[in-house]
Number of protein chains: 2
Amino acid sequence: MSALQSDSGVTLWRKVADSIEREIAQGGYPAGEKLPGEVELATAHRVNRHTVRRALAALAERGLVRAERGSGTYVEPGRIAYPLRSRTRFSEIVGAGGREPRAQLLGASREEATRELARELDLPVGAPLIRIDGLRLADRAPICVGSTWLSAERFPDAEELYRRFGSMTKLLAHHGIRDYRRASTRITAAIADAGDAARLDLGIGRPVLIVEGLDVDAKGRPLLSIRARFAAERVQFVVETE
Amino acid sequence: MSALQSDSGVTLWRKVADSIEREIAQGGYPAGEKLPGEVELATAHRVNRHTVRRALAALAERGLVRAERGSGTYVEPGRIAYPLRSRTRFSEIVGAGGREPRAQLLGASREEATRELARELDLPVGAPLIRIDGLRLADRAPICVGSTWLSAERFPDAEELYRRFGSMTKLLAHHGIRDYRRASTRITAAIADAGDAARLDLGIGRPVLIVEGLDVDAKGRPLLSIRARFAAERVQFVVETE
DNA sequence: TCAAGTTGTCTGTGATATTAGACAACTTCA
DNA sequence: TGAAGTTGTCTAATATCACAGACAACTTGA
């Protein structure tokens, strides 16, 4: 009877991948940090470079690392679990993850309601709207860039209020709306264009999640229409159905 | 970029082994039960028979199953953890494992102390001894067969007492010895001979653990010399050193 | 602009895993 | 005694893993 191999039935590249993942999890390589080069990893693990590549490919497929040709392989920050419930507050979600939420006003303007926005907000086509463009970050990493539309007749001072508070929740509260909720959220995905890439600090060609949301007040009347683009590699939406 | 194989870096035989082990652990195949044939396991797991054999070999090496040529592959009962401490009581150890301990008297006889037994029991060579042969079982499975020697002068009625109580502890208590302890235990291993095989319900060629023990009273005076042979596949000694 | 360092891709080789089939050796049961 | 079913062993072919080397494509920094 030939001796059974002492191996445990796990391929070599898997062992290397597990080892690297363990190091990342233990903080050996902080998020955003560059991993040692493939050759260095290979010698460190006493393994062929191709085996390291196989391990890194597995980690990359899971979104734990990202390889940049000619530069290096970088540790991706863990994706923020972004639960989609009736109460969807960016700052709470990010804060719950132990990160510091920030919002940055990119601009504001007045627009007339397109047919689609009018239908969503239950206003006549061409009704005056205020559009607020903003960027949201967690620990300095851009999470999403998006626009919010609201009725200019109902919230004429929206731009000024948002600029003052930096929070949509407080803006609404100032108008006596203590409670509002997310009525619907539609999600799709696309590839980052030049604008996304610049504002979300993404490589062109990276995926973005496209979200269309509608917030309503306690009585179900539409308040805000939201269109946002999320850096897919930093966010993971969580939809809990019952 | 070619798609990464959806495999997880675990060899096929290992997956099969894990699957079978899981079924055993969940009670799908009770201890002593025959597993389905290799061909049946192969078709059930949609895998080649040789792959199943590789999986079974891994399980057999760990002592979880035992293959019998021409008959089948059987689930081994989990080995009894047999701690070796100063208080080593068979019934307590087996009972702690949720099994029912039983002892069976095989015979008794008078002997004269050999040089080795005399040294151990601190008696003159040729001193009269009583030898008690017994079999110990857990849930009807033979665990060990062994002999106990004690001084015929100090315990002249040993055979009758053991026959009455079926317990060495009670035998000693009847002589006013409330406490005794294991002074030393020496362990080695051998292959089951025909006698072992018959009494321990083992296949010839299976390993047995050979134990030589000395029990002493509270003052350290020798009481019993024990030589026993354990079915290695049903027992695992646990020695805790401090 | 250039050199150094990085990841991406290709070819090839040997070892191992897996599949496939056949037969021997053995046990069980009618 | 014989048939059926079991595990043990052998040969062979294919697929995948891991190693090895070379070069292309790209990034970075001097």
Side-chain angles (χ1 to χ4, degrees), chain A residues 1-20 29 32-61 64-76 197 203-206, chain B residues 1-20 29 32-61 64-76 197 201-206:
Chain A
M1 159 118 11
S2 71
L4 288 175
Q5 74 177 32
S6 63
D7 264 332
S8 45
V10 177
T11 54
L12 191 49
W13 65 262
R14 171 65 184 273
K15 289 179 192 164
V16 174
D18 288 346
S19 170
I20 295 175
Y29 304 115
E33 205 71 359
K34 186 158 92 172
L35 285 180
E38 293 173 353
V39 233
E40 188 177 338
L41 283 175
T43 62
H45 289 85
R46 300 165 177 278
V47 120
N48 191 275
R49 179 180 160 229
H50 294 297
T51 307
V52 166
R53 284 183 59 73
R54 182 70 177 81
L56 289 177
L59 294 180
E61 199 181 48
L64 271 72
V65 301
R66 164 181 39 92
E68 289 190 2
R69 182 179 198 156
S71 173
T73 303
Y74 299 84
V75 179
E76 291 278 19
I204 293 184
R206 307 292 306 165
Chain B
M1 161 118 11
S2 71
L4 288 177
Q5 70 179 38
S6 62
D7 265 328
S8 45
V10 177
T11 54
L12 193 48
W13 65 262
R14 170 64 184 274
K15 288 179 193 162
V16 174
D18 287 347
S19 170
I20 295 174
Y29 305 114
E33 205 71 0
K34 186 158 93 171
L35 286 179
E38 293 173 353
V39 228
E40 188 177 335
L41 283 174
T43 61
H45 289 85
R46 302 164 177 276
V47 118
N48 191 273
R49 180 180 160 230
H50 293 299
T51 306
V52 165
R53 285 183 59 73
R54 181 72 177 82
L56 290 178
L59 294 180
E61 199 182 48
L64 270 73
V65 302
R66 167 182 37 94
E68 288 189 5
R69 183 180 195 154
S71 173
T73 303
Y74 299 85
V75 178
E76 292 277 18
D201 191 20
L202 282 178
I204 292 185
R206 307 293 307 166

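Computed from a prediction, not measured in an experiment: that's the story for all the values here.
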Can you give me every donor-acceptor pair (side chain of residues 67-75 of chain A, partner residue at least two apart or in another chain, under 3.5 Å) with its distance?
from: A:E68; atom 1: OE2; to: A:R66; atom 2: NH1; distance (Å): 2.4
from: A:S71; atom 1: OG; to: A:Y74; atom 2: OH; distance (Å): 2.3

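Nearest to the side chain of B:W13, among C:dT18, C:dT7, D:dT7, sits C:dT18.
Per the geometry, CG belonging to A:L12 stands 16 Å off P belonging to C:dA15, to the nearest Å. Taking atom CG of B:L35 as the reference point, atom P of D:dT7 lies 9 Å away to the nearest angstrom. Nucleotide C:dT6 holds its P atom 14 Å from the CZ atom of A:R53, rounded to whole Å. The distance from atom CG of A:L56 to atom C1' of C:dT7 is 10 Å, rounded to the nearest whole Å. B:R54 places its CZ atom 14 Å from the P atom of D:dT9, with the value rounded to the nearest Å.
An end-to-end axis angle of 30° holds for the helix from C:dT1-D:dA30 to C:dA30-D:dT1, taken from five base pairs per end and rounded to 10°.
Qualifying side-chain contact (heavy atoms from CB on, under 4.5 Å) partners for A:L64, counting only residues two or more places apart in sequence or in other chains: A:E21, A:L59, A:R62. Residues satisfying the side chain to side chain donor-acceptor pair (under 3.5 Å) criterion with B:D18, sequence neighbours excluded, are B:R14. B:T43 is linked by a side chain to side chain donor-acceptor pair (under 3.5 Å) to nothing, counting only residues two or more places apart in sequence or in another chain.
For the residue pair B:A55 and B:A17, the shortest heavy atom distance occurs at CB-N, 3.6 Å. A pairwise comparison of heavy atoms in B:V65 and B:L56 identifies CG2-O, 3.9 Å as the closest pair.
Rounding to the nearest 0.5 Å places NE2 of B:H45 at 10.0 Å from CG of B:L12. The CD atom of A:E33 sits 9.0 Å away from atom CG of A:L35, with the distance rounded to the nearest 0.5 Å.
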List the protein contact pattern of nucleotides 25-30 of chain C with one symbol per nucleotide (5' to 3'): B for base contact, S for sugar-phosphate-only contact, - for none; contact means a heavy-atom distance under 4.0 Å.
BBB---
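Contacts classified as salt bridge (charged side-chain N to carboxylate O under 4.0 Å, His left out) and involving residues 35-51 of chain B (residues at least two apart or in different chains) are given here: B:E38-B:R49, B:E38-B:R53.
A heavy-atom distance below 4.0 Å to DNA chain C is reached by these residues of residues 38-50 of chain B, ordered by number: B:V47, B:N48, B:R49, B:H50.
Distances shown here put every side-chain N or O of B:T11 at or beyond 4.0 Å from the OP1 or OP2 atom of C:dT16.
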